[in-house]
Amino acid sequence: MAKLDAFKNWRLYIPVVVSVVVAMLISPDKAAFTYKYSRGSVWLYPTLVSPIDFPVLKSQEELLMEKERASEKTVPYYVLNTSVPKAQQEKLRTLENDGQVDSDVCEVISNALNKVYGDGVRADSDDDNLFSGMIFVQKDKRARQVPGSEVYDVSSARKYLIYSLNDAFPLLNNDSIYNALNLQAYVVPNLVYDEKKTELFRKDAVDYVSPTKGMVYKGQLIVSEGELVTEEVEQLLDSYKAEYQVSMGQSDNKVASTIGHAMLILVIILALFAVVYFTDPAMLFDLNKVNFVALLAILHLVITVVIAEWNPAFAYAQPCAVFALYLVSFLRDRVAFPLYTVLILPVIVLMDNGVELYFINFMAGVVAIVSFSYLSKGWLQFVNSVFIFVIMTLTFLGFKLTMSGTLLSSDVSTIGFLAIYSVLVVLTYPFTFLFEKLFSFVSSSRLVDLADTSSPLLRELSVTAPGTFQHSLQVANIAAAAAREIGALEKLTRAGAMYHDIGKLRNPSCFVENAAPGVNYHADLSPIDSAQEIIRHVDDGVTIARKNGLPEVLIDFIKTHHGQSQTAYFYNKYCNEGGDPEKKDLFTYHGNLPQTKEQVIVMITDAVEAASRTLPDYSQESINAMVDKIVGQRLSSTQLVQSDITIKEMVTVIEFLKKRLAEIYHARIKYPEREKKEN
């Protein structure tokens with residue numbers, strides 16, 4: 001019933017509603033195409049007969065080739081500059097008026113200039129290829145298409161002038177007249193190339209290329225069951241797929257498709273909650289964790305939709321495995337991976353090759369979780385990329401060989417995308433620290449760093465209170481191993497154990513493990529004063545921890561490692577000296593009762609490790625009795641009533657502590673003394 005109480009909290013439903021609304025808003029308009037195929041594979045579905053009329057699309061290679069041909073055939077565009085012949089005619093009339101040329105000769109030259117300029121004169125340096133076919137020539141805002149061969153270049157226009165003179169005056173020395181009058185200066189280009197209009201014509205020609213090449217009519221066979229998907233069949237299927245998605249997107253089915261996608265996302269969100277409910281129901285009471293999972297689900301959905309709409313080929317570079325790392329960084333292992341397997345389900349729904357992509361991402365997530373648990377520091381993180389790339393490549397090739405029995409050249413680019421994927425997993429992993437800030441989490445990598453004995457606060461503890469440091473180190477090792485036995489958070493347990501006694505930094509000599517030989521700090525103190533000095537280390541620990549920026553999840557270990565128990569030594573001494581047993585409060589820690597399995601493990605291990613140092617012998621019987629006594633005291637004093645540890649888990653921890661202490665304090669061999677021989 002306690003698990004069901006979480007569902008009474010209305011805030012729990014906010015991420016569900018938000019997720020569904022987002023899913024509906026970003027749901028793709030096009031309907032999902034249910035057939036999965038690739039060139040070279042066998043058509044595994046029933047014989048497909050077209051239910052609609054649709055045009056056959058050209059392949060990208062065909063389109064590109066036709067557009068290149070259309071671009072090459074583009075007619076260049078020129079503008080006829082009418083001011084050029086006018087200027088040359090005026091110069092010629094000036095010569096005539098000055099009496100430098102006969103009027104008959106002047107008229108022949110004028111007519112010749114009108115002819116060449118009327119047809120157009122281009123520069124000798126212009127590309128001859130542009131004039132090998134037709135060209136556009138614009139004159140007075142009207143353009144006409146003429147053969148490029150009919151246009152003069154400067155050299156041929158000058159030759160035409162001489163030809164005209166020779167034809168009109170065969171008896172004159174026309175070459176001398178030509179040179180004397182410098183007639184070559186009267187022939188200059190008047191055709192101006194218009195690059196913008198030429199490019200506009202080229203674009204129109206390219207755009208005019210039809211993307212289709214024929215039709216498939218309703219009832220016509222597309223592909224038969226068991227038939228090999230050839231290049232031609234693939235084009236037919238691609239064409240049918242495109243028409244199917246457009247038809248569905250533009251019809252009333254668009255609404256149904258959108259609602260269908262939203263329903264599927266709702267099912268996925270509910271499945272996420274079901275995973276939490278059955279694996280770690282306590283999460284339902286932690287809205288930060290619930291919102292975190294919902295955010296990851298929405299984020300993955302958005303990225304998947306964007307890639308599906310933009311370019312599905314990039315789906316092989318979408319680093320879904322990093323979501324597994326985000327989950328395992330903040331949640332228990334037993335819940336993180338099942339959540340990941342549900343979270344990436346949209347890949348199946350939204351991608352054409354969804355099953356293949358899902359399986360690839362599934363394997364990548366498995367490898368990422370395992371490899372990052374061992375290789376998570378520095379450059380070693382990139383070794384994970386190699387492992388992820390290898391497993392994804394093997395999975396991809398396995399799918400291809402199973403489906404088609406061969407590998408295609410296009411698969412090389414896909415393997416390149418998988419390489420990008422594996423690197424992106426490492427590059428996007430640092431977003432863990434952003435989630436850490438947003439949701440007040442502590443990542444597993446940060447816990448590892450905090451538990452490192454070279455961290456500033458632990459280094460100070462090792463110098464100032466070396467006995468406490470050794471005790472904390474021993475507790476951390478034992479408690480972390482015990483946590484592993486029952487599936488609790490090992491890294492959190494270790495870090496909590498390392499800092500649980502950090503408050504002893506304020507007064508290290510007050511505690512027997514730090515006392516110098518022959519020095520008794522409590523010799524001149526009353527039992528009450530001694531108890532207060534001992535109890536203070538919990539409050540001092542909280543103060544020191546917050547001053548040094550330790551996360552609250554570790555501060556909770558400081559508050560709970562003694563719970564609300566008593567300093568038994570000084571309380572018993574006080575009572576034996578005639579004190580009032582009712583004044584138990586003076587000897588009671590005012591900390592918090594442990595709530596989590598990890599806090600319980602540290603509390604028990606702390607007490608057991610400290611008590612083990614007082615045993616007169618380390619036989620299995622004495623160790624067992626000591627552990628049972630301490631656990632019994634905690635249970636009888638109701639120190640564990642608020643914790644979520646089960647009786648089975650408690651028994652497992654107790655048996656482990658007994659076994660581990662026996663291994664630590666095993667019997668040593670006594671080395672015999674060497675006998676001295678008498679002379």
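Excluded from the calculations below are hydrogen atoms, water molecules and symmetry mates; all remaining heavy atoms, backbone and side chain alike, are included.
Side chains of Asp644 and Gln595: no donor on one and acceptor on the other come within 3.5 Å. Judged purely by distance below 3.5 Å, without hydrogens or angles, the side chains of Asn384 and Tyr429 never pair a donor atom with an acceptor atom. A side-chain N or O of Arg494 and one of Asn477 form a donor-acceptor pair less than 3.5 Å apart. Between the side chains of Ser443 and Glu436, a donor-acceptor pair is found at a separation under 3.5 Å. In summary, the side chains of Glu490 and Thr493 do not present any donor paired with an acceptor at a separation below 3.5 Å, with no hydrogens or angles considered.
For Asp524, the CG atom is loosely surrounded, since the number of other residues' heavy atoms within 6.0 Å does not exceed 12.
For the pairing with His300, the ring-ring contact (aromatic ring centres under 6.0 Å, His included) check across Tyr326, Tyr340, Phe323 returns one residue only, Phe323.
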Next item on the list: Given side-chain contact (heavy atoms from CB on, under 4.5 Å), test Ser455 with Tyr499 step by step and report yes or no.
Entry: CA-CA 11 Å; Ser455 64; Tyr499 289 95; 3.3 Å; yes
Checklist line | Trace of the ring-ring contact (aromatic ring centres under 6.0 Å, His included) decision for Phe511 with His471 | finding: CA-CA 12 Å; Phe511 303 90; His471 161 70; over 10 Å; no
Note to self: Quick one, Leu272 with Leu339, criterion side-chain contact (heavy atoms from CB on, under 4.5 Å). Give me CA distance, side-chain angles, the key distance, then yes/no.
What the structure shows: CA-CA 6 Å; Leu272 289 173; Leu339 280 176; 3.7 Å; yes
Check: Stepwise, does the salt bridge (Lys or Arg N to Asp or Glu O under 4.0 Å) test hold for Glu598 with Arg332?
Finding: CA-CA 12 Å; Glu598 294 79 14; Arg332 299 177 187 274; 2.8 Å; yes
Next item on the list: Please step through salt bridge (Lys or Arg N to Asp or Glu O under 4.0 Å) for the pair Asp540 and Lys504, ending with a clear verdict.
Entry: CA-CA 7 Å; Asp540 289 343; Lys504 293 181 180 181; over 6 Å; no
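For the pair Val448/Asp452, no side-chain contact is recorded, criterion being any heavy-atom separation below 4.5 Å from C-beta on. Side-chain atoms of Ile664 and Ile478, non-hydrogen and from C-beta on, do get closer than 4.5 Å to each other.
Between the side chain of Thr638 and the backbone N or O of Val641, no donor-acceptor pair lies under 3.5 Å. No donor-acceptor pair under 3.5 Å is formed between the side chain of Asn548 and the backbone N or O of Leu550. Of the possible polar contacts, none joining the Tyr277 side chain to the Ala271 backbone as a donor-acceptor pair under 3.5 Å is found. For the pair Asp529 (side chain) and Leu525 (backbone), a donor-acceptor distance under 3.5 Å is absent. In terms of modelled atom types and a separation under 3.5 Å, the side chain of Glu533 and the main chain of Ser530 share no donor-acceptor contact.
We find that Asp280 and Lys289 are not joined by a salt bridge, their nearest charged nitrogen and carboxylate oxygen being 4.0 Å or further apart.
Sorted by first and then second residue, the side-chain hydrogen bond (donor to acceptor under 3.5 Å, both in side chains) pairs with a member in residues 459-468 read Thr468-Glu513, Thr468-Asn514; sequence neighbours excluded. The side-chain hydrogen bond (donor to acceptor under 3.5 Å, both in side chains) contacts involving residues 559-575 comprise Asp501-His561, His537-His561, Gln566-Thr588, where partners must be two or more places apart or lie in separate chains.
In this structure Phe362 satisfies the ring pair (Phe, Tyr, Trp, His ring centres under 6.0 Å) test together with Phe337, sequence neighbours excluded. The ring pair (Phe, Tyr, Trp, His ring centres under 6.0 Å) test applied to Phe359 returns Phe399, not counting sequence neighbours. Residues forming a side chain to side chain donor-acceptor pair (under 3.5 Å) with Asp617 (at least two apart in sequence, or on another chain): Ser619, Ser622. Residues meeting the ring pair (Phe, Tyr, Trp, His ring centres under 6.0 Å) test with Phe469, sequence neighbours left out: none.
The heavy-atom pair separating Tyr589 from Gly563 by the smallest distance is CB-O, 3.6 Å. Closest approach of Ile630 to Val608, counting heavy atoms only: CD1-CA, 3.7 Å.
Aromatic rings from Phe557 and His500 are positioned such that their centres are separated by 6.0 Å or more. The distance between the ring centers of Phe292 and Phe330 falls below 6.0 angstrom. A distance of 6.0 Å or more separates the ring centres of Phe435 and Phe441.
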